[in-house]
Amino acid sequence: MSEIDEIGIRGVPKGSKLMVLGDWYRKAGQEWRVVSYFQNQEKGYFRKSLPIDCLPALTPGKIFPMTSVENKAQGWTETIKLPEQNSWQRVCFRNLPNSLRRAQGFSSQFDDCFIYKINTSEKVYWLPVSELARMLFFHSAEVARAAVNQGNTWQLGKAWKEDWTGEVKLSSNIPVRYLNSLQFRKFFIWLFFFPEVEKSFGSIFQNINRYTKLSNNSERWTFDFNPPDLSHCEFSFAGFTGREFENNHVYIREIRYVSGLKPPDIDTINFPHPDDKLLLEDKLKERNESKSALKIKPLVNISELDPDNRPKASIKRYMIKLSRSGLNFEVEIDTRRSPRHVNVLPHNIDSDLLDEIEEQTSEELGSLLEGSDQGKGVRVDVDNLDPPDLIDAPEKIVFFQEMLDKLKDKHGWKIESKIGDVPQMRCRTQHLVDNRPRRYCHAVIEKDQKTFIQILEIELTNKTKKDGTEESESLSTLFFRAGDTKSTYLDILDELMTSYKDEGLAAMSWKRNYISEYTSIQEYLAHPDNKIISENDALNSWVERAAQKIIGM
């Protein structure tokens with residue numbers, strides 16, 4: 001990853017702020033470009049066309065050159081729980097309230113661009129269609145090209161599942177280093193295992209072919225696509241509000257996190273890559289020949305993106321970070337860097353090892369465009385998917401008890417709970433936290449005289465990785481109904497703490513096959529992490545999502 005002081009875009013003056021994206025156009029024999037509207041203190045508002053490969057770097061509200069990748073929002077910040085998607089209205093920018101309009105001198109040029117008008121009981125939210133697509137799909141140049149040029153995921157890879165285990169095998173077009181990012185693995189799971197999401201991804205290409213118009217010897221297109229169902233998901237966003245009589249109108253300039261995405265019914269998903277064996281063999285050979293060879297190579301330092309020239313066609317790919325965002329499932333999924341049968345990946349190998357494989361040379365200019373045999377310079381891509389945790393793992397069981405209290409107060413349900421120690425079983429030391437027994441909390445909610453909902457929450461902790469950084473354990477909260485409230489949950493705990501190596505099921509993971517066999521209804525709820533909201537807001541959100549689960553059971 002390029003750790004940089006600043007990254008700019010060649011041809012965009014220093015201090016320029018991206019305001020909005022306009023129409024796309026393509027000249028004969030060339031590729032699609034998107035008209036981008038900027039504001040600069042000296043130049044005022046101006047427009048510049050950029051290749052669609054740059055879409056992952058084009059986050060509205062960002063000032064170029066980027067001087068920080070910290071996730072600090074500018075302007076109004078809020079978290080919204082989305083209403084039913086069939087209530088959203090797709091209108092045009094010309095319908096925006098006057099106090100939400102920007103770049104007035106150019107506004108007529110993007111008046112036809114599409115924007116969603118989302119009404120809630122208190123406010124009206126305006127969400128550009130292009131920003132929604134950026135957050136859902138345009139996380140890397142490779143993915144953007146696949147959406148625009150192919151309209152399917154075939155160029156990215158393929159996926160399949162059997163029972164509760166799945167596999168995503170990315171193509172050699174995708175850099176190995178994508179797989180070192182947990183958030184990229186989550187993104188590919190969402191894209192490959194949900195037909196509705198893949199159909200939405202392909203709708204970009206379909207809309208291009210259907211609605212492109214010819215103008216002045218060029219093709220022109222107003223961006224549009226068919227989003228997947230996001231009803232009741234949560235957006236954390238940055239933007240601005242209207243003035244005076246329009247202060248209940250909110251313009252969503254930048255979506256920062258999406259939470260509550262439906263997860264696939266899979267426990268474990270493996271991520272092999274075609275270059276694994278080749279790269280590791282080369283790396284191990286190089287390590288044997290010269291252990292110090294890599295240490296003397298300077299790190300790459302990309303300070304500017306070249307929007308006009310192709311880079312060298314090489315397997316070498318550098319990843320840069322321009323901002324941070326995240327797509328979050330309701331349930332954490334066990335994503336594994338490689339399947340068990342790939343013997344060339346030793347169990348103790350560090351994931352950062354793959355980062356060192358690439359030749360590290362001093363460079364200042366990189367390109368997001370597709371590589372070419374005649375290209376020059378460094379080939380780069382973007383990795384913005386890196387959400388921080390909101391709540392530390394050790395606090396979650398305390399947070400869970402607060403959630404139970406709020407559920408009781410708000411809905412009047414009778415709730416009984418108890419805390420105990422998880423069983424040891426076959427789990428090595430995973431039954432311990434700080435050399436003491438790991439705790440669980442079992443709650444029984446009496447929804448009505450005939451319906452009892454049981455909940456299991458497990459104490460989590462922070463683990464120290466090889467590089468010295470802390471990583472929080474992740475395990476969703478289990479809601480279920482069973483024939484009794486005294487023994488089934490204990491059997492589930494036994495399975496939770498049992499490791500089945502032959503089946504690839506680790507301890508401290510829900511054994512979904514077992515749970516579905518011995519309970520009548522099962523639901524899983526993720527902890528309120530990865531949000532830029534206060535802990536109180538996170539707690540209220542968790543209570544509301546838990547209540548929805550309970551009411552639906």
For the pair [X] (side chain) and [Y] (backbone), establish whether a donor and an acceptor sit closer than 3.5 Å, ignoring hydrogens and angles.
X	Y	value
Asn40	Lys14	yes
Arg220	Ser215	no
Glu246	Ser99	yes
Lys117	Val91	no

Does either side chain, that of [X] or that of [Y], offer a donor lying less than 3.5 Å from an acceptor on the other one?
X	Y	value
Tyr211	Thr222	no
Asp111	Ser108	no
Arg33	Ser49	yes

Using the side chain to side chain contact (heavy atoms under 4.5 Å, CB included) rule, pick out the option among Ile255, Ile115, Ile252 that qualifies with Leu132.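 Only match with Leu132 under side chain to side chain contact (heavy atoms under 4.5 Å, CB included): Ile255.
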Is a salt bridge present between [X] and [Y], judged by a nitrogen-to-oxygen distance below 4.0 Å?
X	Y	result
Asp308	Arg10	no
Glu142	Arg379	yes
Glu544	Lys81	yes
Lys199	Glu196	no

Parallel, tilted or perpendicular, judged at 30° and 60°: which one describes the rings of [X] and [Y]?
X	Y	answer
Trp221	Trp24	perpendicular
Phe137	Phe225	perpendicular
Trp510	Tyr524	tilted
His411	Trp413	parallel

Between Tyr45 and Phe38, is the ring centre distance below 6.0 Å?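 No.
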Check: Phe188 ring centre within less than 6.0 Å of Trp190 ring centre: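 So the answer is no for these two rings.
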Would you check, one step at a time, whether the test side-chain hydrogen bond (donor to acceptor under 3.5 Å, both in side chains) holds for His232 with Gln548? CA-CA 10 Å; His232 310 301; Gln548 286 181 350; 4.8 Å; no
Under 3.5 Å, which donor-acceptor pairs link side chains of residues 121-128 to any protein atom two or more places apart or in another chain?
{"unit_1": "Lys123", "atom_1": "NZ", "unit_2": "Glu78", "atom_2": "OE1", "d": "3.2"}
{"unit_1": "Tyr125", "atom_1": "OH", "unit_2": "Glu78", "atom_2": "OE2", "d": "2.4"}
{"unit_1": "Trp126", "atom_1": "NE1", "unit_2": "His249", "atom_2": "ND1", "d": "3.0"}

To the nearest 0.5 Å, what is the distance between CD1 (Ile9) and NZ (Lys62)?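 Rounded to the nearest 0.5 Å, the CD1-NZ separation comes to 12.5 Å.
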